Amino acid sequence: MSLEDDILGQRFASARAVETLGFRPYGHRFDFTHTIPDALERYGSASAEQLEAERAEVRIGGRVQTIRRMGKAGFAHLAQGGERLQIYVRKESVRPEDFELFKNLLDIGDILGVEGYLFRTKTGELSVHASRLDFLAKSLLNMPEKWHGLEDVETRYRQRYLDLIANPDVRRVFVTRSRIVASLRRQLEERGFIEVETPMMQPMYGGAAARPFVTHHNALDVDLYLRIAPELYLKRLVVGGLDRVYEINRNFRNEGISTRHNPEFTMLEFYQAYADYRVLMDFSCELLRRTALDAVGATRLTYQGREIDFAAIRRLSLREAVIEFWRRDERPTSDERPRLEDLADPDWLKRHSGAAGSGAALVEIFERIAEPHLFDPIIIYDYPLETSPLSKSKPDEPDFVERFEIYAGGMEIANAYTELNDPQEQRRRFEMQRKLREGGDQEAHQMDEDYLRAMCYGLPPTGGEGIGIDRLAMLFTDSKSIRDVILFPLLRPEGPLGLADRLKALEE
RNA sequence: GAGCCGGUAGCUCAGUCGGUAGAGCAUCUGCCUUUUAAGCAGAGGGUCCCGGGUUCGAGUCCCGGCCGGCUCACCA
């Protein structure tokens, strides 16, 4: 018999004994007067004398975190909402069954309700002087160690609930993530955007360059793709007159997993009719500035040891960025810093990149030369048309489109453009993509005639933008890995645990 | 997909040159009415990730596999 079976058996026996004492081992309801954070907020600064005078009666509930038993009395900490409050259980102050419960049957991890009055101990800690205990739930398995918490990364991801119990910082990360999303929603709502939900299962995937997950619908007998982006559906809605529309939801891309990539990730996409990418640049800066304030209370923050400031976002064209970040020592050749004319010269581009087209080469060079250095938040604008099949071209530079990306912490966090709204031009772009696809580019955009049809009815001039919520959460919580801001990141499935059999054996 | 690193008690970790498997917390028994990483005395608990191999002998060395992390590639 392993130790864990031993513990499971002990705890199961303890749950039965709790029942024999007259408690329910798994309670139904507990009417508390304060959450633990509320109680600390309300009474955290009250002096011992004030507490004694007021003798505030409270009922609190939470998970038992520590127990210190001393013969005829003892202390425990209850944890709730990321905070903890001490309780003091004295034999002569509670019912006999309460003390029996506390003395012999309570385990770390159990959920307990306590009624009593607030006081301060000798050492000054706010505590509940218990008059009555309620048993609310038994914990049958050992909790992680109290001092070091749970460090095993795999267990933290697979059993996130344990991570949340044992590591208070983890809770803060996900609270911050929630604040980010709430702030973005609030700002968009304030500007008259409405939130919608568009299909996650799509007969044709588009709106980004990525490989999709495929699934199958039995009744219709059709293959469907999990969406790689909601873009084409949101723009159909703009055609339908939803001039300001947004969606915050999951995208799925069947690609590698890394510290910056999870196969499912959350994206905000919003579309504003009658706006262009210049309007979105200004809006983005304000959006990020206020999200930072709402999420962490400041626009300056530290990411991986370096300060970044969301109130001061630089703007640089893609070509300017290549020139600015050009470094001879990172090049295999001894070329001098290029001039703008070089970046327009197909021969020069061919010499410096293996990519097929001039546009792809320019982007490849940018990603190699400049991207790693984009740590401070920065807007990079004017991308080659070739790599942007859904963006509107620049009137004075037909090989470039009105598109920008925002980088911060060395990561791309947003992508935006003036939407292409000319159906003939869109058809030609799709045909260009089809040629790339026939040339072996699996991620090239598919011809989407249904989308073309919508555009034929007339898409107003529109600016659209996508912001990666997970990466924003990484920046605002100083997380190195995207898995630390996703509650249940994708892992290979575990084998059978055998827990059902062990529980069954206990019952027999 | 490639390279590097890791997997030992429920948790956090030691384990020397290949020679009987260790500590703290947690658990169990006893004592203890203001403790707080409570304390004191005692006890139990191991598929050393899995499978082969070398060896008189493997947690330790070799090979294969599984799972995870990091870096790179792809991508956002």
Side-chain angles (χ1 to χ4, degrees), chain A residues 1-11 13-14 48 65-77 84-94 99 103-104 107-109 119-127 129 139-159 162-163 165-167 207-211 228-229 251-269 367 371 405-407 410-415 441-443 466-472 474 480-484 489 491-495 498:
Chain A
M1 183 185 261
S2 78
L3 170 71
E4 212 182 354
D5 285 325
D6 206 27
I7 293 282
L8 198 65
Q10 284 166 12
R11 297 264 177 121
S14 159
Q65 207 178 34
T66 61
I67 308 176
R68 294 172 293 284
R69 283 182 265 246
M70 298 171 301
K72 298 187 181 60
F75 293 87
H77 273 112
R84 56 185 225 172
L85 181 58
Q86 183 170 257
I87 65 164
Y88 177 52
V89 181
R90 200 210 295 228
K91 187 173 186 182
E92 64 194 28
S93 302
V94 295
F99 195 73
K103 185 81 194 289
N104 293 315
D107 288 302
I108 289 172
F119 76 112
R120 279 196 190 278
T121 62
K122 259 186 195 165
T123 54
E125 179 166 350
L126 182 69
S127 307
H129 198 295
S139 171
L140 295 177
L141 292 171
N142 252 328
M143 285 294 156
E145 202 223 8
K146 61 186 170 191
W147 191 239
H148 298 91
L150 180 65
E151 311 235 328
D152 182 77
V153 181
E154 186 176 351
T155 309
R156 289 186 45 224
Y157 295 155
R158 285 195 200 281
Q159 295 176 260
L162 280 184
D163 195 24
I165 290 168
N167 301 323
R211 289 160 63 191
I228 58 173
N251 290 342
F252 307 86
R253 298 188 185 174
N254 205 341
E255 285 166 351
I257 296 177
S258 79
T259 48
R260 297 195 236 303
H261 302 88
N262 194 61
E264 55 178 308
F265 64 101
T266 303
M267 188 111 124
L268 158 66
E269 278 202 21
E367 286 171 353
E371 192 176 325
E405 296 191 350
I406 306 177
Y407 290 83
M411 296 183 286
E412 182 190 336
I413 58 169
N415 179 21
D441 185 351
Q442 284 191 315
E443 297 183 350
I467 297 180
I469 300 299
D470 311 275
R471 289 181 176 182
L472 217 49
M474 289 169 69
K480 194 177 177 211
S481 171
I482 198 168
R483 293 184 203 97
D484 292 324
L491 300 177
R492 277 184 199 278
E494 261 181 305

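Keep in mind it's a predicted model, so treat the numbers as computed, not measured. Labels below follow one simple rule: chain letters A, B, ... track the order of the sequence lines, proteins then strands, and each chain is numbered from 1.
Across all strands shown, Arg84(A) has no heavy atoms under 4.0 Å from either base or sugar-phosphate atoms. Here Ala209(A) lies in heavy-atom contact (under 4.0 Å) with sugar-phosphate atoms only. Among the heavy atoms of the strands, none lies under 4.0 Å from Arg211(A). Within 4.0 Å (heavy atoms only), Glu443(A) reaches sugar-phosphate atoms of the nucleic acid but no base atom. At a threshold of 4.0 angstrom between heavy atoms, the contacts of Arg68(A) include nucleobase atoms, whether or not backbone atoms are also involved. No engagement by Thr155(A) is indicated, since no non-hydrogen atom pair under 4.0 Å with the nucleic acid exists. Backbone-only engagement by Leu491(A) is indicated by non-hydrogen atom pairs under 4.0 Å involving sugar-phosphate atoms exclusively. Residue contacts for Asn262(A): at a heavy-atom cut-off of 4.0 Å it reaches a base atom on one of the strands shown.
To the nearest angstrom, C1' of rG69(B) lies 11 Å from CG of Asp484(A). Across the protein-nucleic acid pair, Arg260(A) atom CZ and rA73(B) atom P stand 10 Å apart, rounded to whole Å. Here the P atom of nucleotide rC72(B) and the CD atom of Glu367(A) are 14 Å apart, to the nearest Å. Atom NE2 of His77(A) is separated from atom P of rU34(B) by 16 Å (rounded to the nearest Å). Between Asp152(A) atom CG and rG10(B) atom C1' the separation is 12 Å, expressed in whole Å.
Between Arg471(A) and Ile413(A), the shortest heavy-atom contact is CB-CG2, 4.0 Å.
In a base pair of the Watson-Crick type (N1 to N3 plus N6-O4 or O6-N4) or a G-U wobble (N1-O2 and O6-N3), with each distance short of 3.5 Å, rC11(B) is matched with rG24(B). The partner of rG45(B) is absent, by the rule that a Watson-Crick or G-U pair needs both atom distances under 3.5 Å. When Watson-Crick and G-U wobble pairs are counted only if both distances are under 3.5 Å, rG64(B) pairs with rC50(B). In this structure rG39(B) sits in a base pair with rC31(B), meeting the Watson-Crick or G-U test at under 3.5 Å. Base pairing of rC72(B) is made with rG1(B), judged by Watson-Crick or G-U wobble geometry with both donor-acceptor distances under 3.5 Å.
Considering only side-chain N and O atoms, Thr259(A) lies nowhere under 4.0 angstrom from the phosphate OP1 or OP2 of rC70(B). Proximity of Arg492(A) to the phosphate of rC67(B): a side-chain N or O atom is located under 4.0 Å from OP1 or OP2. Between Arg483(A) and the phosphate of rC70(B), there is a side-chain N or O to OP1/OP2 separation shorter than 4.0 Å.
Heavy-atom nearest nucleotides on RNA chain B were determined for Arg11(A) and for Phe119(A), and the one closer to the 5' end corresponds to Arg11(A). Of the residues near RNA chain B, Ser127(A) and Glu145(A), the one whose nearest nucleotide (by heavy atom distance) lies more toward the 5' end is Glu145(A).
Residue ring and nucleobase are stacked for Phe265(A) and rA76(B), with a centre distance beneath 5.5 angstrom and an angle between planes beneath 30°.
Residue side chain Gln86(A) reaches the base of rU35(B) through a donor-acceptor N/O pair under 3.5 Å, judged by distance alone.
As rounded to the nearest Å, rU27(B) and rG10(B) have C1' atoms that lie 9 Å from one another.
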